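Lettering of chains follows the sequences in order, A, B, ..., and the numbering in each one begins at 1. All values derive from a computational prediction rather than experimental measurement.
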Amino acid sequence: MKVRELHRWDISREEALEIQRKLAKHLIFQPDFDIKDVKLVAGIDVAFLADKSIASIVVMSFPELEVVEKEIAVVKTNFPYIPGLLAFREAPPIIECAKRIKSEPDVLLIDGQGIAHPRRFGIACHIGILLDKPSIGCAKSWLLGERQGYPPLPPIPKEKGAIVPLSDGKDIVAVALRSAPGKPPIFISCGHKIDLETAIEIVRKTIKDGQRLPAPLLSAHNLATASKKGGQGTLFI
DNA sequence: GCGACAG
DNA sequence: ATCTTGTCGC
Ligand SMILES: [Mg+2]
């Protein structure tokens, strides 16, 4: 995959906020593709070991969900975890990993929020802009807490497949999906070049029975985690 | 100063 | 996210 170099990464917290507000204006929430033409879906996640970040990308065929390509990249961690600025910690290793992927995924599934974000620019939006591809934010928890006017999360029905729209002010920015019974819901939001309906459909069709996360994302997570095994300070590659 | 707060 | 063994349940 080709990566667009839109800004530096050795920046301050203030500069990071400016970058998010600037890039958010370029987001597109209208797919320029038909879901029938989606052939490849990629899952993207990052794991950490000491001062290293291990990014992982697993590309699967759609809708068969067979692994077509997988890759990892190890990079020194250069930014702390700050709620709302996750991309500045995880995007660098993801970019390096994306450069090593030879195939061209049609859609990206990213571990984290899309527009369900204080500045409507979560990591899924950021990665979508950088790679210029449709992207979906698929998070395991909610970011917009009960602070500046954000309402508490509504109850999510326990029935498998239940969906609850989640708003930020007047806009529906995500949905909570009970992807697996007896497990917490996942939160789906638009990243870039896609709409919520299409995002939901792709997420649903990539989740295997009994699993909470989409297969490409689960595999990417497992690959990243497995890549740092072999000892308490060893990278297994 | 304290609480909230993706991963 | 990470630090961590065994244990309960399907
Ligand atoms: Mg993650």
**Message:** With a 4.0 Å limit, can you tell me whether K140(A) has a side-chain N or O closer than that to the phosphate oxygens OP1/OP2 of dA6(B)?
**Reply:** no
**Prompt:** Between dA6(B) atom P and L86(A) atom CG, what is the distance in whole Å?
**Reply:** 9 Å
**Prompt:** Given side chains that start at C-beta, do those of S227(A) and I72(A) come closer than 4.5 Å, heavy atoms only?
**Reply:** yes
**Request:** Not counting sequence neighbours, list each pair that qualifies as a salt bridge (charged side-chain N to carboxylate O under 4.0 Å, His left out) and has a residue in residues 118-130 of chain A.
**Result:** R120(A)-D168(A), R120(A)-D171(A)
**Prompt:** So, is S141(A) close to the dC5(B) phosphate, meaning a side-chain N or O under 4.0 Å from OP1 or OP2?
**Reply:** no
**5'-to-3' dot-bracket of DNA chain C (Watson-Crick, G-U; under 3.5 angstrom; crossing pairs as [ ]; | other strand)** = ..........
**Request:** Would you kindly give the CZ-to-C1' distance between R89(A) and dA6(B), to the nearest whole Å?
**Result:** 12 Å
**Request:** Among residues two or more places apart or on two chains, list those pairs meeting side-chain hydrogen bond (donor to acceptor under 3.5 Å, both in side chains) that have a residue in residues 25-37 of chain A.
**Result:** none
**Asked** Please, which pairs that meet salt bridge (charged side-chain N to carboxylate O under 4.0 Å, His left out) have at least one residue in residues 81-99 of chain A, sequence neighbours excluded?
**Response** E96(A)-R100(A)
**Prompt:** Listed by chain and number, what are the side chain to side chain contact (heavy atoms under 4.5 Å, CB included) partners of L213(A), not counting sequence neighbours?
**Reply:** K140(A), I186(A), L218(A)
**Request:** Please collect all salt bridge (charged side-chain N to carboxylate O under 4.0 Å, His left out) contacts where either partner lies in residues 191-202 of chain A, sequence neighbours excluded, each pair once.
**Result:** D132(A)-K193(A), E201(A)-K205(A)
**Asked** Taking OP1 and OP2 of dA1(C), is either one under 4.0 Å from a side-chain nitrogen or oxygen of H221(A)?
**Response** yes
**Asked** Has L6(A) got more than 12 heavy atoms of other residues, nucleotides or ligands less than 6.0 Å from its CG?
**Response** yes
**Item:** Whole-Å gap separating C1' (dA6(B)) and CZ (F121(A))
**Value:** 15 Å
**Message:** Going by ring-ring contact (aromatic ring centres under 6.0 Å, His included), name the pairs with one or both residues in residues 93-143 of chain A, residues two or more places apart or in two chains.
**Reply:** H7(A)-H126(A), W9(A)-H126(A), F88(A)-H126(A), F121(A)-H126(A), W142(A)-F187(A)
**Request:** Give the rounded distance in Å between these two atoms: CH2 of W142(A) and C1' of dA6(B).
**Result:** 10 Å
**Value in whole Å for how far the P atom of dT2(C) lies from CG of D51(A)** = 14 Å
**Request:** Only pairs at least two apart or in different chains count here, so list each ring-ring contact (aromatic ring centres under 6.0 Å, His included) that has a residue in residues 158-180 of chain A.
**Result:** none
**Item:** Between dA4(B) (P) and Y150(A) (OH): distance, integer Å
**Value:** 17 Å
**Message:** According to a cutoff of under 5.5 Å between the ring centres and under 30° between the ring planes, does Y81(A) stack with the base of dG7(B)?
**Reply:** yes
**Asked** Among dT2(C), dA6(B), dG7(B), which nucleotide sits nearest the side chain of A47(A)?
**Response** dT2(C)
**Prompt:** Any salt bridge (charged side-chain N to carboxylate O under 4.0 Å, His left out) pairs touching residues 207-224 of chain A, not counting sequence neighbours?
**Reply:** K160(A)-D209(A)
**Prompt:** For residues 40-73 of chain A, which residue pairs qualify under ring-ring contact (aromatic ring centres under 6.0 Å, His included), counting only residues two or more places apart or in two chains?
**Reply:** none
**Asked** Expressed in angstrom and rounded to an integer, what is the separation of H117(A) atom NE2 from dG7(B) atom C1'?
**Response** 12 Å
**Request:** Would you classify Q113(A) as touching base, sugar-phosphate or nothing, given that sugar-phosphate means primed atoms plus P, OP1 and OP2, and contacts are heavy atoms under 4.0 Å?
**Result:** base
**Item:** Members of residues 170-189 of chain A that approach DNA chain B, where some heavy atom sits under 4.0 Å away
**Value:** none
**Nucleotide dG7(B), atom C1' - distance to CZ of F48(A) in whole Å** = 7 Å
**Request:** Pick base, sugar-phosphate or nothing for G137(A), based on heavy-atom distances below 4.0 Å to the nucleic acid.
**Result:** nothing
**Request:** Map every base of DNA chain B to its dot-bracket character, where paired means a Watson-Crick or G-U wobble contact with both distances under 3.5 Å and | marks a partner outside the strand.
**Result:** .......
**Prompt:** Do P92(A) and N78(A) have side chains that get closer than 4.5 Å, going by heavy atoms?
**Reply:** no
